[in-house]
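Worksheet: one structure, shown below.
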Amino acid sequence: MAEDKIRVLVSEEEVDRRIEEIGAQISKDYAGKQVHLICVLKGGVFFTCELAKRISIPVSMDFMSVSSYGSGTKSSGVVKLVKDLDEPLDGKEVLIVEDIIDSGRTLSYLIEILYKRNPASIRLCTLLDKPERRVADVKVDYVGFAIPDEFVVGYGLDYDQKYRNLPYIGVVEIE
């Protein structure tokens with residue numbers, strides 16, 4: 001099996017610096033409150049944990065897993081809730097944390113579901129954003145990096161369950 005070639009798109013230092021900035025902004029925006037992070041599994045776990053460490057106000061956390069079904073690499077837009085939250089959201093300041101947003105379909109569906117659970121607010125934070133791929137109208141409040149439409153790995157993002165643990169964002173060079 002040949003090794004995949006991975007080109008660094010965003011270095012570990014750049015990722016760390018940007019997460020520090022986002023954490024500071026979230027701490028400022030939610031000053032005097034507690035923020036409830038909802039990590040979208042599996043990819044969001046690396047970013048969520050690093051982000052939580054850099055938020056200076058009280059933080060609580062929960063996890064959910066969703067999957068969209070389709071054939072091959074195309075999403076049908078049909079979203080299935082695989083793992084739901086463990087706690088109610090009534091009155092909480094909710095911040096959904098994602099590793100990457102492209103079409104926005106999954107998050108649009110997720111936000112719709114979560115609003116019905118009566119949070120005080122819902123905002124959206126993503127490490128990576130591919131705005132040119134957007135088909136659903138979702139407002140992203142905190143963006144780490146807007147990136148081109150390339151296949152990226154690292155920091156939770158995988159290629160066939162590999163490379164999630166890379167400390168940087170890389171592009172898989174398919175040969």
**Request:** Check the pair Leu95 / Tyr30 against side chain to side chain contact (heavy atoms under 4.5 Å, CB included), numbers first and verdict last.
**Result:** CA-CA 10 Å; Leu95 182 61; Tyr30 288 92; 4.2 Å; yes
**Asked** Under the side chain to side chain contact (heavy atoms under 4.5 Å, CB included) test, which residues partner Asp84, sequence neighbours left out?
**Response** Met64, Leu81, Arg117
**Request:** Over all heavy atoms of both residues, which pair between Ser108 and Ala136 is shortest? Give the atoms and the distance, please.
**Result:** CB-CB, 3.9 Å
**Request:** Apply the test side chain to side chain contact (heavy atoms under 4.5 Å, CB included) to residues Val40 and Thr106: give CA-CA distance (whole Å), side-chain angles for both, the deciding distance (0.1 Å), then the verdict.
**Result:** CA-CA 10 Å; Val40 182; Thr106 302; 5.8 Å; no
Could you go through residues 55-62 and list every donor-acceptor pair under 3.5 Å that involves a side-chain atom there, pairing it with any protein atom two or more places apart or in another chain?
| unit_1 | atom_1 | unit_2 | atom_2 | d |
| --- | --- | --- | --- | --- |
| Ser56 | OG | Ser27 | OG | 3.2 |
| Ser60 | OG | Gln34 | NE2 | 3.1 |
| Ser60 | OG | His36 | ND1 | 2.6 |
| Asp62 | OD1 | Asp86 | N | 3.3 |
| Asp62 | OD2 | Asp86 | N | 2.8 |
| Asp62 | OD2 | Glu87 | N | 3.0 |

**Request:** To the nearest 0.5 Å, tell me how far Cys125 SG sits from Leu51 CG.
**Result:** 5.0 Å
**Message:** Once rounded to the nearest 0.5 Å, what's the spacing between atom CG of Asn118 and atom CG of Leu89?
**Reply:** 9.0 Å
**Prompt:** At what distance, to the nearest 0.5 angstrom, does CD of Glu132 lie from CG of Asp149?
**Reply:** 5.5 Å
**Fill in**
Hits for side chain to side chain contact (heavy atoms under 4.5 Å, CB included) against Arg54, two or more places apart or cross-chain, chain-then-number order -> Asp16, Ile19, Glu20, Glu50
**Item:** Heavy-atom donor-acceptor pair, Lys130 side chain to Ile100 backbone, under 3.5 Å
**Value:** no
**Fill in**
Residues passing the salt bridge (charged side-chain N to carboxylate O under 4.0 Å, His left out) test with Glu12, sequence neighbours excluded, are none
**Which atom of Ala52 lies closest to which atom of Leu37, heavy atoms considered** = CB-CD1, 3.8 Å
**Asked** With sequence neighbours left out, what residues match Lys139 under salt bridge (charged side-chain N to carboxylate O under 4.0 Å, His left out)?
**Response** Asp141
**Asked** To the nearest 0.5 Å, how far apart are CG in Leu114 and CD1 in Ile96?
**Response** 5.0 Å
**Request:** Return yes when atom NZ of Lys83 has more than 12 non-hydrogen atoms of other residues, nucleotides or ligands closer than 6.0 Å, and no otherwise.
**Result:** yes
**Message:** Checking Arg7 now: which residues fulfil salt bridge (charged side-chain N to carboxylate O under 4.0 Å, His left out) with it, not counting sequence neighbours?
**Reply:** Glu150, Glu173
**Item:** Rounded distance [0.5 Å steps], CD1 in Ile169 versus CD1 in Ile6
**Value:** 11.5 Å
**Request:** Give a yes or no on whether Leu107 and Tyr115 share a hydrophobic cluster (residues Ile, Leu, Val, Met, Phe, Trp, Tyr; joining criterion: side-chain heavy atoms under 4.5 Å apart).
**Result:** yes
**Fill in**
Hits for side chain to side chain contact (heavy atoms under 4.5 Å, CB included) against Phe151, two or more places apart or cross-chain, chain-then-number order -> Val153, Tyr159, Val172
**Prompt:** Which atoms form the tightest heavy-atom contact between Pro131 and Asp129, and what is the distance?
**Reply:** CD-O, 3.2 Å
**Request:** Before accepting this row, confirm whether a basic side-chain N of the pair Asp99/Lys42 lies closer than 4.0 Å to the acidic partner's carboxylate O.
**Result:** no
**Message:** So that I can tick it off, tell me whether Arg17 and Glu14 are bridged by a salt bridge, with the cut-off set at under 4.0 angstrom between side-chain N and carboxylate O.
**Reply:** no
**Request:** Give a yes or no on whether Val171 and Phe47 share a hydrophobic cluster (residues Ile, Leu, Val, Met, Phe, Trp, Tyr; joining criterion: side-chain heavy atoms under 4.5 Å apart).
**Result:** yes
**Item:** Shared hydrophobic cluster, Tyr155 / Val45 (ILVMFWY, side-chain heavy atoms < 4.5 Å)
**Value:** yes
**Asked** Would Leu85 and Ile111 show up in the same hydrophobic cluster when neighbours are defined by side-chain heavy atoms closer than 4.5 Å?
**Response** yes
**Prompt:** Sequence neighbours excluded, which residues qualify as side-chain hydrogen bond (donor to acceptor under 3.5 Å, both in side chains) partners of Asp102?
**Reply:** none
**Asked** Mind checking what makes side chain to side chain contact (heavy atoms under 4.5 Å, CB included) contact with Gln25, not counting sequence neighbours?
**Response** Lys28, Asp29, Tyr142
**Item:** Phe145 versus Val10, closest heavy-atom pair with distance
**Value:** CZ-CG1, 3.5 Å
**Message:** Is there a continuous path of hydrophobic side-chain contacts, each under 4.5 Å between heavy atoms, that joins Leu9 to Leu157?
**Reply:** yes
**Item:** Under 3.5 Å donor-acceptor, Arg134 side chain and Gly104 backbone
**Value:** no
**Message:** Applying side chain to side chain contact (heavy atoms under 4.5 Å, CB included) to Val140 and Glu98, what does each step give before you reach the verdict?
**Reply:** CA-CA 10 Å; Val140 186; Glu98 256 292 19; over 6 Å; no
**Message:** Return the CG to CD1 distance between Leu127 and Ile22, rounded to the nearest 0.5 Å.
**Reply:** 7.0 Å
